[in-house]
Amino acid sequence: MIEALSISHRIGSATLLEDVSLAVSSGEVLVLVGPNGAGKSTLLRILAGEIAPTAGTVTLAGRPSSEWSARKRAELRAVLPQQSELSFPFSCYEVVLLGRTPHTLGHESQKDHAITRLAMAVTDTRGYEERAYPTLSGGERQRVHAGRVLAQIWEGPSFRALLLDEPTASLDLAHQHAMLRLARRMADDQCAVVCVLHDLNLAAQYATTLAVMHRGRLHAVGRPARVLSPRLLADVFEVDALVVPHPELSCPMVVTRGPLERKADSPSLSSPASTPSNESLQGGLP
Amino acid sequence: MPATAEAAAMGQRGIPPRVARRAWTVPALSAVLLVAVVTSSSVGSVPISLAEIGALLLQRLGLATASAAVDTHAEILFAIRLPRVMLGVLVGAGLGLSGASMQGIFRNPLVDPGLLGISTGAALGAVASIVLGGKLAHGIPPALAPYVLPAAAFAGALVAMMAVERIARVGGRMVVATLLLAGIAVNALASALTGLLIYVSNDAQLRTITFWSLGSLGGATSRTVVATAVFLGIPLLLLVRYGGALNALLLGEAEAGHLGVDVERTKRTMIVLVALIVGAAVAVSGVLGFVGLVVPHLLRLAVGPDHRQLLAGSALLGASLLLGADAVARTLVSPAELPLGIVTAALGTPFFLALLLRERRRLA
C-alpha cells in the first residue's frame with residue numbers, strides 16, 4: 001500500500017494541499033482528477049518523494065518512505081514524469097535499460113536485457129532500439145519512458161507502486177488507451193497505480209478508484225460510477241455535463257454541454273433550451 | 001507482469017550492437033594508451049629506441065646486467081622522460097575524466113572545466129599563491145610549502161564549480177543558457193582577479209606565472225609525479241565509479257532520485273572530486289584547454305553516452321591524447337619545445353568549431 005497521511009503543503013502563504021489522506025493498495029488504479037491548480041500534480045510529486053510536504057507523511061508498504069534506503073525505494077516505487085530533459089544521444093534501448101539501474105550493480109545481467117526487451121514490447125517501442133532518443137517525437141519519448149519505468153518495477157517485492165503524471169498527455173488516441181490498459185495490467189500484477197489524468201472518460205474507463213481534487217482538498221473518492229455526477233462536474237469542474245452509462249462497457253461516460261453558466265441571469269449566448277438542468281445544478285454553487 | 005521465465009529464456013538475443021560493443025571500450029583504449037606511453041617515451045630531442053627502453057627497464061629492475069644503452073640515455077629516460085610521460089598520463093586522464101564528469105553533472109555535452117571557469121578558478125588560486133605566497137610563507141612549515149599552490153588551485157576550482165552549479169540550477173533543472181552565462185561570468189571574474197594579481201606581481205613572479213600559465217609538462221620530476229598521483233590519481237579512481245549514477249542523473253535530478261540515486265550526495269561528492277582533479281592538473285601543468293571537451297565527445301561518437309564506459313574511456317583516451325600532444329610539443333621545434341597549452345588549444349579549437357557546426361546542421 002502507498003499511503004498519504006494528512007498531507008498539507010504550503011508555499012509561502014499559498015496552500016497547495018490541505019489535509020489530504022488517501023491509500024492505494026495493490027491491484028488498485030487510483031486516478032487523480034481535478035481542474036487546473038487543484039493540487040493533483042503536487043500530490044503526485046509528494047507521493048513520489050520529489051517534494052517534502054510541509055505536514056504529513058507518505059508511507060510505502062507500511063513504513064514511512066524516508067525510512068527506506070534510496071535503492072530500496074526505487075525497487076518499490078517507479079515514477080513516470082510528464083517530461084524528461086534527456087539531451088544525450090542515448091538509444092531508446094539504453095533509456096529503457098536505465099530503468100534497471102536500481103537492480104544492477106554496475107553491469108546488467110541477461111535478465112535485465114530480457115526485461116528491457118519485454119518492456120519495449122508492451123509499450124509498442126520495439127523497432128526503436130537503436131534510434132537516438134533525442135530524435136523521437138513527444139509521444140514516442142513518453143512511451144520509451146513508460147518502458148523504462150515498467151522495466152524498473154517489472155518484478156520484485158510483493159508490493160510495488162507505479163506513479164504516472166499525465167501519462168497520456170502527448171499520446172495519440174490508440175496509445176492513450178494502450179498506456180492505461182498497461183496501467184491496469186500492472187495493477188493486476190500486484191502494483192498500486194496512481195495516475196493523474198485530465199480526460200474524465202479515460203479516467204472513468206480505467207480507474208478502479210477515482211479521486212477528485214478541488215482547491216487542494218480531496219473532494220470525493222470512490223468508484224467512478226459513484227463519484228461522477230452532474231453535480232460534481234458542476235461544483236468542481238464548472239462544466240455543464242451529463243453522466244450516462246457507456247453503451248457497451250460497464251463504466252460511466254461524461255458528456256459535456258459546455259462551461260457552466262455561473263448565474264442564470266448572466267448574458268447568455270446559448271438558447272434557453274440548452275440549459276434545462278441549471279436548476280438542479282444551482283444548489284451546488286457557492 | 002511476471003514474465004521472467006520467458007524473459008530469461010529470451011537470453012542474449014537482440015541486444016543492440018552498440019550496447020554489446022561497449023564491453024570493448026576499456027580494453028581497446030588501454031591498448032591505445034600503452035602504445036602512446038611507449039611511443040612518447042621513445043620520441044624527443046634525443047630519440048631512444050624501443051629496444052633500448054626495454055633494456056634499460058630490465059636493467060633498472062635488476063633483471064639484466066649487461067647494458068647496450070648509452071649512459072646519458074638512462075639519465076634522460078628515468079630522470080626526465082618517464083616522469084614527464086607519467087605526469088602526462090595523470091593530467092590527461094584527469095582532464096578527460098573531469099570533462100566527461102562535468103558534462104554529465106551539468107547534463108550538457110558542451111561544457112568542460114575551461115568553458116565553465118573551473119580551470120580559470122584554479123589558475124586564480126595558483127597565481128594568488130605565487131604572488132601572495134611569499135608574504136604568507138612565514139606561517140607555513142617548509143615541508144608543506146610545495147603543497148600551497150596545489151591547495152590554492154583546488155580551492156579556486158571548488159569555489160568556481162560550486163558557484164556555477166548554484167547559479168545554473170533552477171528548481172532541480174539545469175538551465176543551459178544560465179549555465180553558460182554563469183561560466184562566462186566566473187571566467188571573467190577569475191580572469192580579472194588574476195590580471196589584478198599579475199599587475200601587482202614583481203618580475204620574477206611574472207616570469208613564473210607566464211611560463212606556468214601557457215601550460216607544460218616540462219616541470220615533471222619524480223616528486224611531482226608522486227604528489228600528482230596522490231592528489232589527482234586517487235580522486236580519479238573514485239570518480240570513475242560514478243558512471244551508473246551519472247547515467248541516471250542525465251534523465252534529470254528527480255528521475256535519478258526515483259531510480260535510487262542519492263542525488264545531492266552524489267553531486268556534492270563528484271563536484272569535490274572534479275575540483276580536486278582540475279586543481280591538481282592546473283597546479284602541475286597550467287591551463288590545458290579543450291582536452292576535457294574533445295575527449296568525451298570523440299568517445300561518445302564511438303561508443304554512445306553510457307557513462308560507465310565513458311568515464312573510464314575518457315580517462316584513458318585523455319591520457320593518450322595528451323601524451324600525443326606533448327610529443328608534438330617536444331618534437332615540432334626540437335631541441336626547443338612549444339608550450340603544451342598552445343598545442344592542445346591549436347588542435348582542440350578547430351575540433352570544437354566543427355562540433356558546433358555539426359550541432360547547427362543537426363538543429364537546422
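Letters go in sequence order (proteins before strands), and every chain restarts at 1.
Between the B:Glu255 side chain and the A:Leu86 main chain, no donor and acceptor come within less than 3.5 Å of each other.
What you find for B:His307 and A:Phe88 is that their closest heavy atoms are CE1-CE2, 4.1 Å. Summarising the geometry of B:Gly260 relative to A:Ala74, their closest heavy-atom pair is N-CB, 3.4 Å, with the distance given to 0.1 Å. In terms of heavy atoms, B:Leu250 sits closest to A:Phe90 at CD1-CE1, 3.3 Å. The two residues A:Pro89 and B:Arg300 have their closest heavy-atom pair at CD-CD, 4.3 Å.
Heavy atoms closer than 4.5 Å to chain B are found nowhere in A:Arg100, neither backbone nor side chain. Looking at A:Ser109, there are no atoms closer than 4.5 Å to chain B (heavy atoms on both sides), in backbone or side chain. Residue A:Ala48 touches chain B through both its backbone and its side chain, counting heavy-atom pairs closer than 4.5 Å.
The environment of CZ in B:Arg241 is sparse: at most 12 heavy-atom neighbours from other residues, nucleotides or ligands sit within 6.0 Å. Summarising the local packing, CZ of A:Arg10 is surrounded by more than 12 heavy atoms from other residues, nucleotides or ligands at distances under 6.0 Å.
Under the 4.5 Å side-chain criterion, counting only non-hydrogen atoms from C-beta, B:Asn247 is not in contact with A:Glu94. Looking at A:Val149 and B:His258, their side chains never come closer than 4.5 Å, going by heavy atoms from C-beta outward.
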